Each structure stands twice: as structure tokens, then as C-alpha cells.
Amino acid sequence: MYNKIIYIILVLIVTSVVSVNTGCNDGIDQSAIDSINKYTNLINQYPQDPFYYVTRGDIYFVNQQYLQAVQDYDAALNIDPFNLEALRKLAVTYEKIDKYAESLKEYNNLIALYPGADDYINRGLLHEKYKNLPMAIADYDRAISLSPDNINYYMIRGNALDKAGNYQRSTQDYTEVIKRQPNNIGAILNRGNAFYNGGNFKGAVVDFEKVILLDPSYEGDLKEKLQVSRINAQKQ
């Protein structure tokens with residue numbers, strides 16, 4: 001009996017120690033825990049190297065341990081305030097936990113240091129997520145001015161302009177995409193819808209018919225709009 005009691009006590013102690021060591025890693029598999037422990041050891045050896053904090057933060061991020069990731073990215077920035085990678089990842093992580101103001105602050109800091117097109121796009125997407133379309137479109141404008149050859153940017157801005165009801169500008173962006181990718185169904189469909197919503201029914205007919213030609217599975221979805229467009233196009 002005495003030995004059994006001692007055994008139970010030892011089990012409880014071991015369990016308690018394991019819980020202390022891995023308590024912040026609930027839901028992370030063993031390989032991730034091993035990686036975290038590895039980089040924790042490296043941080044203890046090289047506490048002034050931001051790389052190890054960022055890398056451990058990445059492991060936390062991938063495993064959806066966002067608060068721990070924030071702490072690590074912050075630690076990296078405390079060592080190197082100009083660490084663009086840490087700034088970018090901190091902004092993304094704050095967005096993941098719905099901290100709009102904090103995420104926006106980090107994007108602002110990032111862009112102040114290095115105004116890259118992708119970061120303008122990401123800040124714009126953040127604005128758009130929180131229904132600030134004018135600020136989003138302004139950021140997309142800046143991104144396109146920096147990287148005018150990226151057709152994805154035109155698609156993103158076109159969609160935002162469409163949401164804002166600016167169908168004239170949105171059709172221009174979709175047209176830019178179509179110039180470079182004539183069979184881009186998404187751009188043709190979106191331009192057709194923008195034409196439709198903006199009252200350009202002739203343009204809508206052309207685009208809807210092109211979409212159906214490229215992919216007949218759209219015929220059912222577009223049947224009603226195409227019929228309305230054809231009727232109204234005759235009046236234009």
C-alpha cells in the first residue's frame with residue numbers, strides 16, 4: 001500500500017511538471033513542442049538574436065497560438081525595431097485575433113519603413129475587412145502605382161470599387177485584367193456584373209455570353225440577368 005501511494009504521488013508530480021512545461025502549448029503536437037523547445041534553448045543561448053524569436057513565433061502562429069506568436073514577434077522588435085519580417089508577421093497575427101487597431105498600427109509602421117506594394121495591398125484588405133472601403137481603395141491605388149504589372153492588384157481594387165458602387169472604375173480594372181488574360185472568367189463575369197449594375201446592358205450581354213461560352217455551367221446562374229440585359233440593351 002505504501003509503495004502504491006508513493007507511486008501515485010510520483011505520477012502526480014511528473015504530470016504537474018509536464019503541465020507546467022507545456023501548459024501554453026495545449027493543442028500543439030509533439031513535433032511542434034519539440035521545435036518550440038529547440039528555439040527556446042537557442043533564445044536562452046542567444047537572447048539578442050531576433051531570428052530565433054521570429055522563428056518560434058512562426059511555429060506558434062502555424063499552430064494557432066496567436067498570443068504567444070505576438071509575444072515573440074514583439075520580442076524580436078524590441079531587439080530590432082526595423083525588422084520588417086517581424087513587423088509584417090505581427091500585423092498579420094493581430095488581424096487573426098481581430099485586433100484591427102493593433103494590426104493597422106503595425107502595417108503603418110511597416111509601410112513607413114518600407115512602402116512595398118504587397119504591404120499596401122494587405123493593409124487595404126485589412127481596411128476592407130472592417131468596411132473602410134475608401135481607405136482600402138487608396139491603398140490599392142498606391143500598390144498599383146508601385147507595381148502596375150501585377151494583374152491581381154487590379155482584380156482586388158476592381159472588387160473593392162464594385163462594392164463601393166463605383167462601377168465605372170471597377171469595369172476599367174476588370175478590363176485591364178482581361179487585356180492581359182482574355183479568358184479570365186472571374187474578371188469577365190465581374191465586369192459583366194459591374195456593367196449590369198451600372199446600367200450598361202450591352203456590355204453586360206457581351207460579357208455574360210462570353211462567360212457561358214467559356215464555361216457552360218454558368219448558363220443557369222446567368223439566365224435571368226442575361227435575359228434582362230438583352231431586353232434593356234435593345235433600348236440603349
Side-chain angles (χ1 to χ4, degrees), residues 35-36 38-40 42-43 45-164 166 169-170 172-174 176-177 179-181 186-187:
S35 295
I36 289 168
K38 170 188 172 183
Y39 283 101
T40 299
L42 287 167
I43 286 168
Q45 293 177 57
Y46 309 101
Q48 292 304 308
D49 190 333
F51 171 80
Y52 298 121
Y53 290 98
V54 171
T55 305
R56 188 176 67 176
D58 292 345
I59 299 168
Y60 281 127
F61 182 90
V62 167
N63 287 277
Q64 300 180 12
Q65 304 291 306
Y66 298 125
L67 294 179
Q68 289 91 334
V70 164
Q71 291 174 354
D72 274 350
Y73 298 144
D74 260 335
L77 288 166
N78 285 333
I79 299 167
D80 176 12
F82 303 104
N83 190 313
L84 299 180
E85 183 183 11
L87 274 171
R88 188 172 292 113
K89 289 176 176 179
L90 185 56
V92 172
T93 308
Y94 274 132
E95 183 179 352
K96 281 285 187 181
I97 55 179
D98 294 323
K99 288 185 176 289
Y100 171 70
E102 290 84 350
S103 181
L104 181 59
K105 175 186 173 184
E106 301 308 331
Y107 275 123
N108 291 343
N109 291 337
L110 178 62
I111 288 170
L113 288 173
Y114 182 81
D118 282 343
D119 295 315
Y120 276 120
I121 288 291
N122 289 331
R123 189 175 70 176
L125 291 170
L126 178 68
H127 284 310
E128 190 169 346
K129 179 180 177 180
Y130 288 91
K131 314 300 181 186
N132 192 341
L133 283 173
M135 293 293 288
I137 292 167
D139 273 346
Y140 302 151
D141 288 343
R142 295 184 184 101
I144 289 171
S145 70
L146 290 171
S147 186
D149 293 329
N150 192 317
I151 64 170
N152 293 325
Y153 293 171
Y154 292 95
M155 195 74 172
I156 290 169
R157 187 176 66 178
N159 291 341
L161 289 163
D162 191 76
K163 288 180 185 177
N166 192 335
R169 279 194 68 196
S170 68
Q172 291 172 355
D173 277 347
Y174 296 137
E176 190 65 34
V177 176
K179 282 180 183 177
R180 305 180 197 193
Q181 294 183 345

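Positions are given from 1 along the sequence. For clarity, every value in this text was computed on a predicted model and none was experimentally measured.
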Holding to side-chain contact (heavy atoms from CB on, under 4.5 Å), I want the full list of residues that pass it with [X], two or more places apart in sequence or in another chain.
X    : result
N78  : none
D119 : R88, L110, I111, N122
N159 : M155, Y174, N190
L42  : K38, Y39, Q45, Y46, Y52

Would you give the length of the straight line joining atom [atom1] of [X] to atom [atom2] of [Y], rounded to the nearest 0.5 angstrom?
X    : Y    : atom1 : atom2 : value
I121 : L125 : CD1   : CG    : 6.5 Å
Q64  : T93  : CD    : OG1   : 12.0 Å
L84  : L77  : CG    : CG    : 9.5 Å
I79  : Y53  : CD1   : OH    : 4.5 Å
I36  : Y60  : CD1   : OH    : 4.5 Å
L90  : E106 : CG    : CD    : 4.0 Å

Trace of the side chain to side chain contact (heavy atoms under 4.5 Å, CB included) decision for N63 with Q68:
CA-CA 10 Å; N63 287 277; Q68 289 91 334; over 6 Å; no

Answer yes or no: is there a donor N or O on one side and an acceptor on the other, between the side chain of D162 and the main chain of G158, under 3.5 Å?
no

Looking at N83 and E85, would you say the former's side chain and the latter's main chain have a donor-acceptor pair under 3.5 Å?
yes

Could you report the tightest heavy-atom contact between A160 and I137, atom names first, then the distance?
CB-CG1, 3.9 Å

Correct closest heavy-atom pair for L146 and P115 would be CD1-O, 3.1 Å

Residue pairs meeting salt bridge (Lys or Arg N to Asp or Glu O under 4.0 Å), one or both in residues 150-160, sequence neighbours left out, come to D141-R157, R157-D173

Salt bridge (Lys or Arg N to Asp or Glu O under 4.0 Å) pairs, two or more places apart, involving residues 52-80
R56-D72, D58-K89

Scan for side-chain hydrogen bond (donor to acceptor under 3.5 Å, both in side chains) pairs involving residues 143-155, sequence neighbours excluded, and state none if there are none.
D118-Y153

Go through the structure and list residues passing side chain to side chain donor-acceptor pair (under 3.5 Å) with [X], not counting sequence neighbours.
X    : value
Q181 : N184
K163 : E128
D49  : none

Please table the atom pairs, donor to acceptor, closer than 3.5 Å between any side-chain atom in residues 97-104 and protein atoms at least two apart or in another chain.
| unit_1 | atom_1 | unit_2 | atom_2 | d |
| --- | --- | --- | --- | --- |
| Y100 | OH | H127 | ND1 | 3.0 |
| S103 | OG | A91 | O | 2.7 |

More than 12 heavy atoms of other residues, nucleotides or ligands under 6.0 Å from NZ of K129: is that the case?
yes

Ring pair (Phe, Tyr, Trp, His ring centres under 6.0 Å) filter on F61, not counting sequence neighbours, yields Y66

